[in-house]
Enquirer: 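My questions will all concern the structure given below.
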There are 2 protein chains.
Amino acid sequence: MTAQRRAILETLQDLGGHPTADQVYAAARERDDTIHPSTVYRTLSWLADTGLVKPCHLEPRGDRCEHFDAAPPAEHHHFVCTGCGRVIEFRSEAIEELKALFARQHRVRIERAFLSMHGLCQQCQEDGTRIDADGR
Amino acid sequence: MTAQRRAILETLQDLGGHPTADQVYAAARERDDTIHPSTVYRTLSWLADTGLVKPCHLEPRGDRCEHFDAAPPAEHHHFVCTGCGRVIEFRSEAIEELKALFARQHRVRIERAFLSMHGLCQQCQEDGTRIDADGR
DNA sequence: ATAGGTGCAAAAGCTTTGCATTCGT
DNA sequence: ACGAATGCAAAGCTTTTGCACCTAT
């Protein structure tokens, strides 16, 4: 546990919400101005590996590294196998209901919803397959 | 409707699935080797604006431009207001049930699930507010 | 004829990596 | 003392942008 990691952890506590890597960097730098961006990236990866922090996508659009779903007939969602990369698409009435309920409760208008689930498909569970990096 | 756009559209049809921008570029280039990456990016943005293509995030991790959720007590999901950027977090039993059902039906093991919904919060609906770009 | 799309090249971001140094234990 | 983490700088990649040219209508 180094001073930088402590500073980053405290920064995450203070910031709350859902900062991006460089929002964390900017804020952590105010505590300790020797902190380097690469340290922040490395620390965030480490925290994500340990599960202390969860990465998530909040931008509706304009985010990088996105995939494109051609000619989507209707809103649908995805299961991605982290072993072989296979994608299963599905529709879900439960999510439609959830959207309606949430919209009513919070008085919001919901324009889009994205659900992605990650895990192992049946075959990869049997094979013990696991992609190390960059699986698609 | 130019030749390049046609080539990109046909490429999307042929590829199917969920290609990234540069997978589209690589494939489109085989049809028409004058196609330039910037044309692909511009065309994909245009298609996304018109709704003919939907951007989605399929990478569980290592994706860029991600936000980090500090100290998540349990799996939860997000509603993001596209007007003011406000984020509402919520848990959902319906999603837990959906996960269990899906896992049973498809014989998969689900390790994570991310749902994000986008729309306008009550106040932004009243105000007619709308962020043009880079809202957070 | 005109509006809009394209190629090109350069710039802009964000993120990663190698290496020498420093730090925590 | 030792292994791990850090700072630094450079490289890597993806994506965007300005501009002149071209093309579909």
Enquirer: Just to be sure I understand the geometry, which residues of residues 2-9 of chain A put a non-hydrogen atom under 4.0 Å away from DNA chain D?
Expert: A:Thr2, A:Gln4, A:Arg5
Enquirer: Under 4.0 Å between a Lys/Arg side-chain N and an Asp/Glu carboxylate O for B:Glu10 and B:Arg31?
Expert: yes
Enquirer: Is it true that A:Leu101 and B:Phe90 fall in one hydrophobic cluster, defined by side-chain heavy atoms closer than 4.5 Å?
Expert: no
Enquirer: Hydrogens and angles aside, do A:His18 and B:Glu89 bring a side-chain donor and acceptor to less than 3.5 Å of each other?
Expert: yes
Enquirer: Taking B:Lys99 first and then B:Glu97, would you say they form a salt bridge - that is, a charged N and a carboxylate O separated by under 4.0 Å?
Expert: no
Enquirer: For DNA chain D, what residues of residues 25-38 of chain B have any heavy atom nearer than 4.0 Å?
Expert: B:Ser38
Enquirer: In whole angstrom, what separates A:Met1's CE from C:dC23's P?
Expert: 17 Å
Enquirer: Is the closest basic N to carboxylate O distance between B:Glu111 and B:Arg109 below 4.0 Å?
Expert: yes
Enquirer: Tell me which nucleotide among C:dT25, D:dT15, D:dG7 gets nearest to the side chain of B:Tyr41.
Expert: D:dT15
Enquirer: Testing the 3.5 Å rule here: is there a donor-acceptor pair between the side chains of B:Ser38 and B:Arg42?
Expert: yes
Enquirer: Whole-Å distance between C:dT16 C1' and A:Arg42 CZ?
Expert: 9 Å
Enquirer: Can you name the nearest heavy-atom pair linking B:Val24 to B:Thr11, along with the distance?
Expert: O-CG2, 3.9 Å
Enquirer: Give the minimum heavy-atom separation between B:Arg29 and B:Ile35, together with the two atoms involved.
Expert: NH1-O, 3.3 Å
Enquirer: Measure from NE2 on B:His57 to C1' on D:dT14 and round the result to the nearest Å.
Expert: 14 Å
